Amino acid sequence: MCGIFAYYNWNVPRERRAILQLLVKGLRRLEYRGYDSAGLSVDGDENVPAATLNAVSNNTSPSKLQSVRKSVVIKEQGKIDHLEAKINETFTENPDTFDAEVLVGTHCGIAHTRWATHGPPAPRNSHPQTSDSINNEFVVVHNGIITNHRELRAFLTKQGFQFESDTDTEVVPKLAKYLFSRIQGKRMLFRELVVEVMRHLDGAFALIFKSVHYPNELVACKRGSPLILGVGETSSNDDGERDEKRPRLDSSLRSAEYYLSSDAAAVVEHTKRVIVLEEGDIVHLRDGKHGVYHTKLSSNSNDHATLLKRLESGANSPASESTADGNHASAMPLEVVREAQVLRMEVEQIMKGEYDHFMLKEIFEQPDSLLNSMRGRIELSASSVFSHVPTEEIADGTGGPGKKTTPKQVRFNVPSFPRGLDKPRIVLGGLSEHLNTMNRSRRLMFVGCGTSFHAAVAARGFIEEMAEIPVDLQLASDLMDRQCPIFREDTCIFLSQSGETADTLQALRYAKARGALCVGVTNTVGSAIARETACGVYIHCGAEIGVASTKAYTSQIVVLTMIALAMAANKNDKAARSEEVINALVSLPEIVRKALQLDKHIQSLAKELYEEQSLLVFGRGYNYSTSLEAALKVKELAYMHSEGINAGEMKHGPLALIDSNLPVIVVCTKTDAVYPKMVSVIEQLRARQARLIVLCTEDDEELISQKDKFASLIIVPSSVDILQPVVNIVPLQLLSYHLTVLREFDVDQPRNLAKSVTVTE
């Protein structure tokens, strides 16, 4: 939802300008998570008055307190470019207290890009939020939502705090300052104070704290929102050679750099070694070292209300009593070992390259992303034949000018998969131990939101066919609103590109508490859904930066298809069907590559449609999902009213909308069993003078011969029925892209939206 980022350098000299540039670049990598406003906080040149600081509480020597720098907070409404301009303006206006060229050896900087939930986009509602406007004693950036912020705001207002924003986040730094003021004369580590703050917070959050009371320290914590720690050590061994193989810093290392981020995209260009934080984890960066701690704090709102009453009465919280020696006896979080992981992501994946927009790049990456989704998971038989092979027009050769090539002349590369089995099969290591349980399920329930839900719609029929188990589709938010009954005999499959979608996570925990087998299908290794499900499958489609999902959708369909095939592996009556689909999977990347050649034709079509205000998309069977997904892409990017409609429902209302002006797309591909019904739909729409845009397959001679009767005809290569939606959506993704460009809207960052929705309210 929002993006948070922090950079910590210990004995690594950097100019302040370079630190700010690094923070700004981190925000650019996270801008897809929110772009209403942005801000950051770094140390300035002005000292904090010594009287403000408490040498006992933070265990800092009085001499060091004389040189504690005040935190400078810079915030601006709008995208990152506006923040960068504000930073340059601050340098110009404050040369004595904010020198751009000053060299800083040890420093903590935090940054945030916002997707507004509480309060409109405005500098006062941007993050970082502070405890006070004079010395910025505590500064916080936040991703998530604090659900009990109203109660905390009312309490803190009674204590004399003045609130300047409409955000839920502002209660956090003010609560930290209030709790800190109560332990004057006692020692308290920064992480202990953060635990006390967390104890009073209800909701989902990832927080990063910076404070003048704890100079050169950062503390971050996580409950419900994603957060990773990038470990970028800069160290020397006894021989003076660079050593980057240490899994963990220790006191012998001379220098260190760390990065905290909502997403690996902001970290990968600095380091590939990351620690994925788990629920209840706290990271403390201090003295050039990191520590990961874990605390099991209640998320029960009644417990938070009880703690608030104790504060109102002037009593300490139960875990905040002092020991006889005067030290603070907070229920210390226990230090834990979290193994560093190596990111598989490459910097090139988060760059546009030769493309104008990330979305266009990701559409054209689909042949490769589909192959990556299948890589290592398909084993072919020695006799596998690829029935859905795209052919090309050639200018010369034995095929002759303008003729289709013969099979020997096809310029088509079938991906290399292992061969030699009696029959082809699917190997999904993440599910192998649970397939028997899934096959014994009373019901398969697929849960997702938006595009992920549409992928489940696409695969539902094939899963029912192969598994012979009823399939139930649930929008995650609706499932929770209804408190849908879930039983131990159910298998629930949760789909999310990010693995952090709040509604889907909430539904996962609901199903898990009721004993159902929970399976995850996500793109993000180490995400919350990946960690909290019993098993699952990664879609491995690569980083997706554009807010509108494209390649994740097609990879999800492919992965769900492979799950169905794996469930049917031991069913002899499904063997022929399985082999047909597996062979079609192998051919799919090149078929999609051929579909991408429609780009110029789609661009011309977009020029005819971009001034329209509405668009209908009809589909049926496997392609009902195509109509839903195409309409979603048009509305979220081009801001054009569009509806995806099941063609079987056309006569039950939607037909009243049809006239000669309204553009109507009909997905009518010959590979689908409902093809005759879709042809009938076209005839009924033509009878009412509809402005028809028909999408058909290249082997459909009947519809192609009638192309003059349609406003436009989109001809796609054919595949097997379950995979045809993957091919069909490609030109419609391109259509939404070109409509958006022609309407002069932002393709990668549509208004009011964000990539990863990590709040539910």
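Quick note: numbers below take in every heavy atom, side chains included, and nothing from hydrogens, waters or symmetry partners. These numbers were taken from a predicted model, which means no experiment stands behind them. Along the sequence shown, residues are numbered consecutively beginning with 1.
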Pairing of E101 and R17 as salt bridge, 4.0 angstrom limit: yes
Salt bridge E196-R182, side-chain N to carboxylate O under 4.0 Å: no
Minimum heavy-atom distance between N523 and G542, given as atom pair plus value: ND2-O, 3.0 Å
pair L20-F91: side-chain heavy atoms closer than 4.5 Å: yes
Charged tip of K174 within 45° of F163 ring normal and under 6.0 Å: yes
salt_bridge(R29, E269) N-O dist < 4.0 Å: yes
Note: R16-D45 ion pair, threshold 4.0 Å (strictly below): yes
Parallel, tilted or perpendicular: rings of Y258 and Y8 (30°, 60°): tilted
Donor-acceptor contact present, side-chain S211 to main-chain F138, <3.5 Å: no
Near-ring test F5/H112, centroid separation under 6.0 angstrom: no
Candidate pair H357 and D748, rule side-chain hydrogen bond (donor to acceptor under 3.5 Å, both in side chains), full reasoning: CA-CA 7 Å; H357 300 93; D748 291 328; 5.4 Å; no
Pairing of K177 and E137 as salt bridge, 4.0 angstrom limit: yes
Aromatic ring pairing F209/F190, orientation class (parallel under 30°, perpendicular over 60°, tilted between): perpendicular
Full working for side-chain hydrogen bond (donor to acceptor under 3.5 Å, both in side chains) between S165 and Q129: CA-CA 9 Å; S165 77; Q129 289 290 315; 3.3 Å; yes
Cation over ring face, R191 and Y293, 6.0 Å, 45°: yes
salt_bridge(E278, R338) N-O dist < 4.0 Å: yes
salt_bridge(E170, R124) N-O dist < 4.0 Å: no
